[in-house]
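Numbers restart at 1 for each chain; the letters A, B, ... are given by sequence-line order, proteins then strands. This structure is a prediction, so every number in the text was calculated from the model and none was measured.
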Number of protein chains: 2
Amino acid sequence: MTTTPPTSGTTRSTASERRTHVLEVATREFATRGYEGGSTERIAAAAGISQPYVFRLFGSKHKLFLAVIEQCLDDTLAMFATAAADLQGEAALQAIGEAYGERILANPMMLQLQLVGYASCDDELVRASMRAGYRRLVEYVERVSGADEETISLFFARGMLLNVATSMRLDRDPVDWGTRLMEGCRPERYSP
Amino acid sequence: MTTTPPTSGTTRSTASERRTHVLEVATREFATRGYEGGSTERIAAAAGISQPYVFRLFGSKHKLFLAVIEQCLDDTLAMFATAAADLQGEAALQAIGEAYGERILANPMMLQLQLVGYASCDDELVRASMRAGYRRLVEYVERVSGADEETISLFFARGMLLNVATSMRLDRDPVDWGTRLMEGCRPERYSP
DNA sequence: CACGCTTGTGATTGACCACTCACAAATATA
DNA sequence: TATATTTGTGAGTGGTCAATCACAAGCGTG
């Protein structure tokens with residue numbers, strides 16, 4: 001599975017390509033193990049490079065983590081934008097809600113990383129990054145939906161409940177109380 | 001600050017007293033550092049005992065973590081019960097909501113630990129513990145409030161939003177978008 | 001006092017970790 | 001081809017960590 005050709009005479013990637021790949025791999029690592037639990041050695045191994053090179057590319061474990069967090073939030077915003085496309089008002093809100101739900105089910109890594117991000121908010125830089133990303137999400141949804149304060153709040157509240165429910169795997173491993181809890185949380189119920 | 005008398009001839013505690021104290025200290029440690037980041041050495045030092053004794057009392061770091069999680073959920077349920085007292089219906093729901101908000105502001109440790117718990121749900125035993133605790137919360141609120149599915153769902157969704165908002169310190173360090181987001185999340189708005 | 005039970009520790013171990021540095025190999029450029 | 005730049009690594013450093021074990025010290029009971 002290693003991409004390294006056998007003997008020697010390896011062809012090289014640009015630093016930027018490597019960074020992209022390492023970010024991808026690091027997302028998985030931090031999402032499943034948390035910040036402290038994540039290992040630069042494992043990240044390097046999974047990315048097919050040496051561990052010192054991870055430090056060359058990102059400076060420190062902490063900076064790598066910040067980059068991962070930031071990218072996760074950027075991706076989420078991009079997903080919102082794609083889902084809302086040229087819609088507006090309630091329709092946009094509903095489209096975003098549906099897309100978010102699907103994404104979470106399809107790619108639990110992003111969700112898990114988000115939770116790790118909240119849990120790591122004791123760190124000032126992590127907190128700043130999370131706040132900045134969240135701000136962009138809120139302002140985007142406000143702008144595209146034009147909905148009132150309460151509807152926006154409700155929208156995000158439901159998203160957060162969806163997050164924790166998925167982290168506890170209430171979807172993959174359903175129980176009656178969980179199903180009941182998630183029933184009132186469907187995107188087709190955003191209108192007042 | 002150490003409780004140990006200077007020379008020798010120390011008076012002893014019962015194992016149960018120790019366990020209680022260690023649980024308290026470990027809650028702080030895991031809440032601020034996460035599971036992997038939490039250190040049994042620091043917990044022992046903060047509790048004023050030797051590190052090996054932590055293992056004597058709890059068997060392993062993992063078991064200690066589970067005990068901490070479990071106690072946190074138990075405390076939350078107890079808090080719900082106290083708040084609801086002899087109330088029922090909407091009144092009970094509102095009382096619980098208010099108490100939860102106040103508790104989170106007053107004691108951020110519980111909140112932080114909850115987030116760490118969600119983030120650690122990849123671990124099967126942690127997940128089982130979280131699910132069991134959450135189930136008790138949901139069923140209690142359902143029983144005491146008698147409210148319909150959607151109201152209950154909304155109640156917990158708002159709680160989750162309150163959680164992440166507090167983790168990002170939107171309360172202590174307010175910004176306009178955050179304030180807007182939290183406005184629709186007040187306990188006095190639970191009725192339809 | 002002697003005996004057993006509970007409470008408690010010092011010393012250590014092997015594994016892992018983030019991070020550094022000197023150096024090598026590929027590639028671009030002249 | 002010679003030189004400079006970028007990409008990349010092997011070998012190590014000091015530190016921390018969870019967990020173990022043999023052993024000590026207080027305490028209740030005969």
Side-chain angles (χ1 to χ4, degrees), chain A residues 2-23 25-26 28-30 32-69 116 120 123 125-126, chain B residues 2-23 25-26 28-30 32-69 116 120 123 125-126:
Chain A
T2 2
T3 29
T4 325
T7 48
S8 179
T10 343
T11 172
R12 293 176 155 190
S13 307
T14 65
S16 140
E17 284 168 344
R18 286 293 191 199
R19 252 185 287 265
T20 308
H21 187 211
V22 170
L23 268 184
V25 165
R28 299 178 64 89
E29 173 76 5
F30 287 129
T32 55
R33 310 245 194 182
Y35 171 61
E36 304 270 2
S39 148
T40 58
E41 279 180 5
R42 271 193 302 265
I43 290 168
I49 61 175
S50 69
Q51 187 253 12
Y53 198 34
V54 173
F55 285 81
R56 257 280 249 276
L57 291 172
F58 288 93
S60 70
K61 180 185 179 182
H62 191 255
K63 282 179 191 164
L64 172 57
F65 184 66
L66 286 175
V68 165
I69 290 276
V116 168
S120 306
D123 180 286
L125 295 177
V126 172
Chain B
T2 3
T3 29
T4 326
T7 48
S8 180
T10 342
T11 170
R12 293 179 154 186
S13 308
T14 65
S16 142
E17 283 169 341
R18 287 292 190 199
R19 250 185 287 265
T20 308
H21 188 211
V22 170
L23 268 185
V25 164
R28 300 178 63 90
E29 173 77 4
F30 286 130
T32 56
R33 310 244 195 184
Y35 171 61
E36 304 271 1
S39 148
T40 59
E41 280 180 4
R42 271 193 302 266
I43 290 168
I49 61 174
S50 69
Q51 186 254 13
Y53 198 35
V54 173
F55 284 81
R56 257 279 251 277
L57 291 171
F58 288 93
S60 71
K61 180 186 179 182
H62 192 254
K63 283 181 191 161
L64 172 56
F65 184 66
L66 286 175
V68 164
I69 290 276
V116 167
S120 306
D123 180 285
L125 295 176
V126 171

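For B:Glu36, the side chain to side chain contact (heavy atoms under 4.5 Å, CB included) partners are A:Glu36, not counting sequence neighbours. Among residues two or more places apart in sequence or in another chain, the side chain to side chain contact (heavy atoms under 4.5 Å, CB included) test is passed with B:Arg42 by B:Glu29, B:Arg33, B:Ser39.
One atom, CZ of B:Phe65, and another, P of D:dA19, lie 14 Å apart when rounded to the nearest Å. Between A:His62 atom NE2 and C:dA18 atom C1' the separation is 13 Å, expressed in whole Å. Summarising the geometry, the separation between CD on A:Glu29 and C1' on C:dC16 is reported as 13 Å, rounded to the nearest angstrom. Atom-to-atom, CG of B:Leu64 to P of D:dA19 comes out at 10 Å; the value is rounded to the nearest Å. For B:Glu17 and D:dC27, the CD to P distance is 12 Å, given to the nearest whole Å. Look at NZ on A:Lys63: it is 12 Å from C1' on C:dC19, rounded to the nearest Å. C:dG10 atom P lies 16 Å from atom CZ of B:Phe55, rounded to whole Å. Taking atom CZ of residue A:Arg42 and atom P of nucleotide C:dC19, one finds them 15 Å apart after rounding to whole Å.
Between A:Thr14 and A:Arg18, every side-chain heavy-atom pair lies at or beyond the 4.5 Å cut-off.
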Practice task
Show the numbers, then the answer: is there a side chain to side chain contact (heavy atoms under 4.5 Å, CB included) between B:Val116 and B:Ile69?
Solution key: CA-CA 9 Å; B:Val116 167; B:Ile69 290 276; 5.8 Å; no
Problem - side chain to side chain contact (heavy atoms under 4.5 Å, CB included) assessment of B:Leu125 paired with B:Lys63 - result: CA-CA 9 Å; B:Leu125 295 176; B:Lys63 283 181 191 161; over 6 Å; no
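Residue A:Gly38 is in sugar-phosphate contact alone, with no base atom involved, counting any heavy-atom pair closer than 4.0 Å across all strands shown.
Between B:Phe65 and B:Phe30, the two ring planes are perpendicular [angle over 60°; tilted spans 30° to 60°].
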Fill in the blank from the handout: Protein-proximity profile, nucleotides 2-13 of chain D, B/S/- by nucleotide at the 4.0 Å heavy-atom cutoff, equals ----BBBBBB--
